[in-house]
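One structure is given here, and the rest of the page talks about it.
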2 protein chains.
Amino acid sequence: MSGVKIPAMDTKPSTSKIATINGEKRSRRGSGGITLRDVAKLAGVAPITASRALNTPDAVSPAVLQKVRDAVEKTGYVPNMLAGGLASSRSRLVAAVVPTVVGPVFQETVQSLTESLARSGYQLMLGQSGYANSREDALLETIIARRPDGVVLTGIMRSPDGRRRLLASGIPVVETWDLTPTPIDMLVGFSHEKIGIAVAEFLHARGRRNVMTIRGNDERAQRRAKAFLETAGKLGMLAQGQAGEYVVPAPTTLGSGRRGLREVLDINPDTDAVFCSSDLLALGVLIEAQARDIDVPQRLGVIGFGDLGFAEDLHPSLTTVRIDGTAIGAVAAALIIDRAEGRAVAEPVRDIGFSIIARDSA
Amino acid sequence: MSGVKIPAMDTKPSTSKIATINGEKRSRRGSGGITLRDVAKLAGVAPITASRALNTPDAVSPAVLQKVRDAVEKTGYVPNMLAGGLASSRSRLVAAVVPTVVGPVFQETVQSLTESLARSGYQLMLGQSGYANSREDALLETIIARRPDGVVLTGIMRSPDGRRRLLASGIPVVETWDLTPTPIDMLVGFSHEKIGIAVAEFLHARGRRNVMTIRGNDERAQRRAKAFLETAGKLGMLAQGQAGEYVVPAPTTLGSGRRGLREVLDINPDTDAVFCSSDLLALGVLIEAQARDIDVPQRLGVIGFGDLGFAEDLHPSLTTVRIDGTAIGAVAAALIIDRAEGRAVAEPVRDIGFSIIARDSA
DNA sequence: GTGAAAGCGCTAACAA
DNA sequence: TTGTTAGCGCTTTCAC
């Protein structure tokens, strides 16, 4: 066979084997790139057959399959998923909404989402909502405009308007990192209340009797703190007459952890354990304690949240609440893909739980 | 005017004002949602006019504008950008390729990209290439299939095949976080060599005379280290007869920083300063030093890379190389948007430089 | 197993 | 300023 680039022939539509990829009329519209039509022509089949060869290879004879693959190879054809998505109403795009990319908290989830989706031929679109709910509505509009096959929310959607839009759009939705009796659709999360209770009980069992919490001012941290303080109260671990918590702005930082410990010790100098709403905060507490020569865990127990990569390598190693962010991402991806492929979703609500990793700091 | 939901009329095509949004023939294809056609019909204009009202409001009379907006409001219409993108060859989608979402290094860039793009109506698609170049090619194919209006690479594209594909696709490309004399297209970065040199000189000026480096085994860190060691050699800061560097796997962690310091002190017990290829590594070194009662900066100077949020809050605060990741993202977004909107791009190659933030650790 | 026809929902091009 | 027409590149539907 001769080479590919053969001088274009303008008149004859050429039923012969000679493919005139760049010849023929080509309007001023369009990208001017190789299309499925070109591939089909080169392979000597109808466009729809080429489409089948690429999407459902089993539905096509081996001979045709080979010819089409050769043509793809020769032309360097790359499918246009905008066109494919429009025609099939399946964009193979999944949108993820995170409060912020910068925080380390959802990274594992986003990473695992990206990977799980990619493995099935889906891609992730990232949207940042900020911790304020204001931008969320505008974001939702642009997301729905892409007709994604699914939306993954980190956190649950509280805005009634947002819930309505999402519901109206008919797009599968997975809310994550939380539990609610009234999910929009599907849910992969865990109970923040149970964590607060478990941490209080954990500290009590370890002999702590005067606890405080340092937390970011986001809603989930607040709920953990509330349950923590209630349980601590019941167990008699709360000092009388003062707030048991110190609130720092979200997103939390190492610096606010350091400041947090100073404040906490001002409020309640006899504090013997702090529950931090993030590992970063806990790291700050550890560093401040070291700077002030406060012995951890001897005089002060510290417990974090998130089990970030560095937690186990700290000195002392950090006791913390572990959330399997990777599992959240993987399960969320699986749920959405199941839906997208029209499979029945067995359990649309999953509690993936949490665990307290007991290390040296508490 | 009466309400919107009027019982559907099946037969008459209705040239009257009565809009039968759900009546008429609706094939089994498509999403079955509200389309621009429905909006146009309700507003009593042609679809293209409705399109103009939404995309170029200035090109339409105020009366029509109002009618279309009312119709959008009433119907809850959300544009279909797949269709729009297909028709206009402008997807308003930008793809970002990062080695990993988990590392903190590119977060600022991704965040700033997302925000800058969102402000102009573009969205970000995230792809993970891993630190190995293997997955990059497959990733590229799926990216190009979406016909994004731009691709932002963190790092430069080394694979010749990847370069070729990108080039052939005609999609605007911005390579970042590096400098090269042969960019594919546009570039926003800085010189890793200059950083290595600057850090060596910085340490020399501060009286350090026996330096080492702990670095991740990625290509850019390697180039910083090479320039660092060469300069250190010229300045007589290298101990004779042993490697000046200790390499840890990428992505770098706090734990590998701790291990790194132990190894470095094994190799060269008199080391008086270490240059770490990331702040996380540096944090590990700081923690290991503290655990071993090694005084920083007195006996050991530590300098990091990245100026992550926590660097200034450490104890001692961390001297580090600051890269303005936010600027990289913003400039990259601006370059791509300029291209997408058909504007001329003044300087397609930008060196945004770096700075050494002198704090207490060195 | 293969193909022809008819769209998916939108916008570029040209006309009025 | 507004409308008509004809696609963008692909896939569904239905027929062979």
Original post:
Does a nitrogen or oxygen in the side chain of A/Thr49 sit under 4.0 Å from OP1 or OP2 of C/dT2?
Top reply: no

Original post:
To the side chain of B/Ala46, which of D/dG3, D/dG9, C/dG9 is closest?
Top reply: D/dG3

Original post:
Separation of B/Ile34 atom CD1 from C/dC8 atom C1', in whole Å?
Top reply: 16 Å

**OP:** Indicate whether OP1 or OP2 belonging to D/dC10 is found under 4.0 Å from a side-chain N or O atom of A/Ser88.
**Re:** no

Original post:
Can you check the B/Gln66 CD to D/dT2 P distance for me, whole Å?
Top reply: 14 Å

Subject >> Per B/Ala87 side chain, nearest of listed nucleotides D/dC8, D/dC10, C/dA4 >> reply: D/dC8

Original post:
Between A/Pro47 and B/Leu82, which has a closest nucleotide on DNA chain C that is more 5'?
Top reply: A/Pro47

**OP:** Report the distance from atom CG of A/Asn80 to atom C1' of D/dT11, rounded to the nearest whole Å.
**Re:** 13 Å

Original post:
Of B/Met81 and B/Arg52, whose nearest nucleotide on DNA chain C comes first from the 5' end?
Top reply: B/Met81

Original post:
Over how many whole Å does the gap from B/Ile48 atom CD1 to C/dC10 atom C1' extend?
Top reply: 8 Å

**OP:** Take atom NZ of A/Lys67 and atom C1' of C/dT2, then tell me their distance rounded to the nearest Å.
**Re:** 11 Å

**OP:** Provide, to the nearest angstrom, the distance between the CZ atom belonging to B/Arg37 and the C1' atom belonging to C/dT11.
**Re:** 15 Å

Original post:
Does the side chain of A/Ile184 reach to within under 4.5 Å of the side chain of A/Glu175, using non-hydrogen atoms?
Top reply: yes

Original post:
Looking at B/Arg165 and B/Asp137, does any basic side-chain N land under 4.0 Å from a carboxylate oxygen?
Top reply: no

Original post:
Can a donor-acceptor pair be found between the side chains of A/Thr100 and B/Gln111 at a distance below 3.5 Å?
Top reply: yes

**OP:** Looking at every strand, decide which applies to A/Ser31 at a 4.0 Å heavy-atom threshold: base, sugar-phosphate, or nothing.
**Re:** sugar-phosphate

Subject >> Distance test, side-chain N/O of A/Ser61 to OP1/OP2 of C/dG1, below 4.0 Å >> reply: no

**OP:** Measure from CG on A/Leu36 to C1' on D/dT12 and round the result to the nearest Å.
**Re:** 14 Å

Subject >> Whichever of A/Gly85 and B/Val45 has its nearest DNA chain D nucleotide further upstream toward 5' >> reply: B/Val45

Original post:
For the residue pair A/Val45 and A/Ala50, what are the closest heavy atoms and their distance?
Top reply: CG2-N, 4.1 Å

Original post:
Is there side-chain contact between B/Arg92 and B/Gln123, with at least one heavy-atom pair below 4.5 Å?
Top reply: no

Original post:
Any donor-acceptor pair under 3.5 Å between the side chain of A/Arg147 and the base of C/dG9?
Top reply: no

Original post:
Among C/dG3, D/dT2, D/dG9, which nucleotide sits nearest the side chain of A/Leu86?
Top reply: D/dG9

**OP:** Would you kindly give the CG-to-P distance between A/Leu54 and D/dT12, to the nearest whole Å?
**Re:** 13 Å

